[in-house]
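The structure appears right after this line, and notes come after that.
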There are 2 protein chains.
Amino acid sequence: MSELESVIRKLEALDHRITPSRVAVIAAVLAQSGHFSVEEIMRQARAVGRATVFRTMRLLTDLDVVCRVLLEDGSLHYRVSRRGHHHHLVCVSCGNVQDLDECAVADLVRELAAATEYEIEGHWLEFYGRCASCRSPLAQAAKA
Amino acid sequence: MSELESVIRKLEALDHRITPSRVAVIAAVLAQSGHFSVEEIMRQARAVGRATVFRTMRLLTDLDVVCRVLLEDGSLHYRVSRRGHHHHLVCVSCGNVQDLDECAVADLVRELAAATEYEIEGHWLEFYGRCASCRSPLAQAAKA
DNA sequence: ATGCCTGCAAACGATTTGCAGCACA
DNA sequence: TGTGCTGCAAATCGTTTGCAGGCAT
């Protein structure tokens with residue numbers, strides 16, 4: 001079963017209708033390799049109206065098919081959520097996003113809960129940096 | 001030296017002019033106890049134009065006088081940055097924000113850098129939960 | 001056939017910018 | 001006295017909504 005089919009089944013299971021517009025948006029979303037903006041989806045699904053793209057993105061977010069990615073400049077992007085809870089490591093140079101499977105904050109949450117008497121419901125953690133290939137253009141040039 | 005003076009000195013030191021509008025915005029900002037939106041500053045500095053409030057907020061952000069706080073609903077707020085690097089614990093119920101002085105992510109950053117070959121430049125970490133007083137209205141009632 | 005979903009356009013809120021005048025340094 | 005700062009208004013950006021019709025179920 002393709003990823004597309006799997007998402008479609010998810011929609012069906014929740015009594016959402018399967019329409020050409022939705023399929024187009026979902027296909028465009030699944031075709032993305034890294035993070036992407038709503039605008040990029042609109043570019044790749046030109047036949048679909050703006051409003052519908054936004055509505056579908058919200059639907060996909062609610063269904064945990066995609067997750068939001070906050071970029072350092074404050075703009076909101078999305079990315080396919082192929083796992084459960086995880087964090088992102090975003091390259092500020094090339095925009096590549098790497099998933100961090102382990103949630104190393106779990107311990108922290110426990111300590112924090114004890115120390116602050118807060119009941120911690122969630123957290124948002126993203127790292128920004130420069131990936132190996134962007135770190136040293138010289139190193140890349142040297143390889144060639 | 002009051003906090004207001006101290007911020008003003010900071011502006012002067014960087015060759016920014018001290019104007020009534022800026023002072024009004026800065027005073028309003030410093031008067032905030034928790035996090036706040038630009039709108040709240042505009043309400044408290046009615047004489048100052050929208051654009052100027054936004055321009056001043058950007059200035060204060062660049063000067064590290066305030067820092068941005070991302071709320072869970074995606075809206076952007078600010079809060080006075082009375083320390084250096086730290087994180088926030090936001091109560092989703094009453095909106096209270098608590099600073100977390102220790103940056104417990106520092107170790108994580110180091111491990112991550114080694115594991116991924118990224119050069120980590122920064123990170124964004126915020127926790128969401130319910131504070132002690134919001135956790136249990138019953139417990140509060142019982143106290144009375 | 002029913003009503004969810006659609007596209008369009010207009011509304012929307014938050015933020016930015018162009019501009020001519022003003023006032024701080 | 002020069003130019004950085006101002007307020008105003010209009011522009012802009014990203015997103016949402018109202019509506020009349022269309023299509024999946």
Side-chain angles (χ1 to χ4, degrees), chain A residues 4-5 7-29 32 35-63 65-79, chain B residues 4-5 7-29 32 35-63 65-79:
Chain A
L4 181 60
E5 285 176 76
V7 173
I8 288 176
R9 300 257 172 106
K10 213 169 188 171
L11 286 193
E12 283 174 337
L14 289 156
D15 291 326
H16 295 293
R17 295 192 178 167
I18 310 307
T19 65
S21 293
R22 284 186 172 166
V23 174
V25 169
I26 296 170
V29 163
Q32 303 298 321
H35 62 105
F36 54 88
S37 61
V38 172
E39 198 189 352
E40 285 169 272
I41 299 304
M42 292 197 285
R43 208 176 300 134
Q44 270 162 73
R46 299 235 183 229
V48 183
R50 238 160 317 165
T52 300
V53 173
F54 277 103
R55 284 186 279 233
T56 306
M57 287 313 295
R58 181 207 291 257
L59 189 58
L60 294 179
T61 305
D62 290 345
L63 264 52
V65 170
V66 297
C67 55
R68 299 150 106 211
V69 179
L70 176 73
L71 263 49
E72 231 180 357
D73 66 1
S75 68
L76 193 61
H77 279 216
Y78 291 87
R79 96 178 306 247
Chain B
L4 180 60
E5 284 177 75
V7 173
I8 289 177
R9 301 255 172 106
K10 213 168 188 172
L11 287 194
E12 283 173 338
L14 289 156
D15 290 326
H16 294 295
R17 293 192 181 169
I18 310 308
T19 65
S21 293
R22 283 187 173 166
V23 174
V25 170
I26 297 170
V29 164
Q32 303 297 321
H35 61 103
F36 53 89
S37 62
V38 172
E39 197 189 353
E40 285 169 272
I41 299 303
M42 292 198 284
R43 207 175 301 134
Q44 272 162 71
R46 299 233 183 229
V48 183
R50 237 159 318 164
T52 300
V53 173
F54 277 103
R55 284 186 279 232
T56 306
M57 287 312 296
R58 182 207 290 259
L59 188 58
L60 295 179
T61 305
D62 290 344
L63 264 50
V65 171
V66 298
C67 56
R68 299 150 107 209
V69 179
L70 176 74
L71 264 50
E72 230 181 357
D73 67 359
S75 68
L76 193 61
H77 279 216
Y78 292 86
R79 97 181 303 249

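Letters A, B, ... are given to chains in the order of the sequence lines, protein chains preceding strands, and every chain is numbered from 1.
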The correct set of residues in residues 9-29 of chain B placing a heavy atom under 4.0 Å from DNA chain C is B/R17, B/I18, B/P20

side-chain contact (heavy atoms from CB on, under 4.5 Å) filter on A/T52, not counting sequence neighbours, yields A/S21, A/V48, A/R55, A/T56

(message) With a 4.5 Å cut-off on side-chain heavy atoms, are B/I26 and B/L11 touching?
(response) yes

Distance col, row B/R46:CZ vs B/I41:CD1, nearest 0.5 angstrom, shows 12.5 Å

*Considering residues, nucleotides and ligands other than B/R50, do more than 12 of their heavy atoms fall under 6.0 Å from its CZ?*
no

Here the pair of heavy atoms bringing B/H35 nearest to B/R79 is CA-CB, 3.9 Å

Output for pair (B/M57 CE, B/F36 CZ), nearest 0.5 Å, gives 4.5 Å

Here the distance between atom C1' of D/dT16 and atom CE of A/M57, to the nearest Å, is 15 Å

Applying side-chain contact (heavy atoms from CB on, under 4.5 Å) to A/R58 and not counting sequence neighbours gives A/D62

Minimal heavy-atom distance between B/H77 and B/E40, with the atoms involved, is CE1-OE1, 4.4 Å

Residues of residues 42-53 of chain B with a heavy atom under 4.0 Å from any atom of DNA chain D, listed by number, are B/A47, B/V48, B/G49, B/A51, B/T52

- Task: Ignoring hydrogens and angles, tell me if any N or O in the side chain of B/R68 forms a donor-acceptor pair with the backbone of B/L76 under 3.5 Å.
- Result: no

In short, the helix from C/dA1-D/dT25 to C/dA25-D/dT1 is bent end to end, axes from five pairs each side, to 10°, by 40°

Heavy-atom closest pair (A/Y78 atom, A/V69 atom, distance to 0.1 Å) is C-CG2, 4.2 Å

Here the pair of heavy atoms bringing B/K10 nearest to B/L63 is NZ-O, 3.3 Å

In whole angstroms, the gap separating C1' of D/dT15 from CD1 of A/I41 amounts to 16 Å

When rounded to whole Å, the CD1 to P distance for the pair A/I8 and D/dT25 reads 10 Å

A/H77 NE2 to D/dT15 P, in whole Å, measures 9 Å

DNA chain C: first to last nucleotide in contact with chain B (atom under 4.0 angstrom from a heavy atom), 5' to 3', is C/dT15 to C/dA25

